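In what follows, a single structure is set out as structure tokens and then discussed.
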Number of protein chains: 2
Amino acid sequence: MDPIGTAAQKSELPVKTIRYYDEIGLIKPQAHSEKGYRLYSERDIQKLIFVRHVREFGFSIDTCRDLLDLYENPHRTSKEVKQIVAKKLVEIQAKIRAMKQLHDTLARLAHDCHGDQRPDCPIIEYFSSDQAVDPSHQKECS
Amino acid sequence: MDPIGTAAQKSELPVKTIRYYDEIGLIKPQAHSEKGYRLYSERDIQKLIFVRHVREFGFSIDTCRDLLDLYENPHRTSKEVKQIVAKKLVEIQAKIRAMKQLHDTLARLAHDCHGDQRPDCPIIEYFSSDQAVDPSHQKECS
DNA sequence: GCTTGACTCTCCAGTGGCTGGAGACCTTAA
DNA sequence: TTAAGGTCTCCAGCCACTGGAGAGTCAAGC
């Protein structure tokens, strides 16, 4: 049973984040010391590592909850897990497409811009124009 | 001189957002009515549209401020504008690369997962393993 | 003139997922 | 015994809004 600092080292998560996960009920320490210190079991630390990985893939805390439930449930089906991941894959694909559009439009504008001492600038003109439209029709990272 | 609702229609921004831009000093209305209603000039509305476009490309409000200054400044150099865009392009490229990594890793895991009624699941195993590393070494959209 | 409905105002709270800091308490080693 | 470091709770802030309450204002129709 490790105090929070040790759990932080083992899980490679900040202490603050681990306390936050406790607060929101994502991962609660198995026990508390007499003086109220959080005490994390090895199993708890495995869960912290699990959540860190899941978060690194951009899943929300809510999805972490779902995946953690599946992780803990011996009667889970791989179908459930795969569905969650498949949905995320579609999201990621959409974001990549949108960001490529943003990139290409910006790159074209930058290419057309002289980048010299004169004020004339197709980039500014593009942002000013009434016709300019978000090329992806959705915001980056939204 | 339009009240905020009309400015919202013309700029295609929510009323709340326009009030927020006033509050943070990004775009202040040219005038106020006797009763304290915000009144936006055509120039103000052009700035709102400008900022909407810039935001749609994922630039921060702070960068909007910089670009708005350049937009307003007849002595700007296109070099300054191009530098800002070039920096953003590098950011976007990095994010696209990172997201592609995430995508490919997730896609591989999904491919390897049977997605049936059994609990065995390479996705869960990957998230559980101590060795699993964020393939991009940076979080999505951070 | 009166009512109705749409518009606007300010102020406060919430979003997600933390992060930082204050101030108090606890533990451990020299 | 003292100092350093760890931990606790609580509150505030980040970004860029968004939602809602409650009050005031405006324009149209009767």
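Residue numbers begin at 1 in each chain, while the letters A, B, ... track the order of the sequences. Keep in mind that what you see is a predicted model, and the values were worked out from it rather than measured. Values reported hereafter were calculated over all heavy atoms of this structure, with side chains retained and with hydrogens, waters and symmetry mates removed.
One interatomic measurement links the two molecules: CD1 of I18(A) to C1' of dT7(D), which rounds to 13 Å at whole-angstrom precision. Distance Y20(B) OH to dC12(C) P: 17 Å, rounded to the nearest Å. Between the CD1 atom of I24(B) and the P atom of dT10(C) there is a distance of 15 Å, given to the nearest Å. Atom pair D22(A):CG and dC18(C):P shows a separation of 14 Å (rounding to whole Å applied). Between the CG atom of L13(B) and the P atom of dC17(D) there is a distance of 8 Å, given to the nearest Å. When rounded to the nearest whole Å, the span between CZ of F57(A) and C1' of dG17(C) equals 19 Å. Between the CG atom of D2(A) and the P atom of dT7(D) there is a distance of 10 Å, given to the nearest Å. The NZ-P distance, from K35(B) to dA6(C), rounds to 22 Å in whole Å.
Between S33(B) and D62(B), the residue whose closest nucleotide on DNA chain D is further toward the 5' end is D62(B).
Looking at R65(B) and D62(B), a side-chain N of the basic residue comes within less than 4.0 Å of a carboxylate O on the acidic one, giving a salt bridge.
F59(A) carries K88(A) over the face of its six-membered ring, with the cationic atom under 6.0 Å from the centre and within 45° of the normal. With a 6.0 Å cutoff to the six-membered ring centre and a 45° limit on the axis angle, K47(B) does not count as a cation-pi contact of Y71(B).
Within the model, atoms OG of S60(B) and CG of D66(B) stand 7.5 Å from one another, a figure rounded to the nearest 0.5 Å.
For Y37(A), counting side-chain heavy atoms from C-beta on, the closest listed nucleotide (dC17(D), dC8(D), dT8(C)) is dC8(D). The side chain of I4(A) sits closest to dT7(D) out of dT18(D), dC18(C), dT7(D). The side chain of R55(A) approaches dG17(C) more closely than any other nucleotide in the set dC26(D), dT27(C), dG17(C).
Phosphate proximity of dC18(C) to Y21(A): present, with a side-chain N or O under 4.0 Å from OP1 or OP2. Between T17(B) and dA16(D) there is no side-chain N or O to OP1 or OP2 distance below 4.0 Å.
For H114(A), the NE2 atom is loosely surrounded, since the number of other residues' heavy atoms within 6.0 Å does not exceed 12.
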Give each protein N/O atom lying under 3.5 Å from an N/O atom of nucleotides 9-11 of chain D, with the pair distance.
from, atom 1, to, atom 2, distance (Å)
dT9(D), OP2, R38(A), NH1, 3.1
dT9(D), OP2, R38(A), NH2, 2.8

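When each of H75(A), K79(A), E80(A) is checked for a side chain to side chain donor-acceptor pair (under 3.5 Å) with T77(A), only E80(A) meets the rule.
One hydrophobic cluster, built from ILVMFWY side chains closer than 4.5 Å, holds both I84(A) and V54(A).
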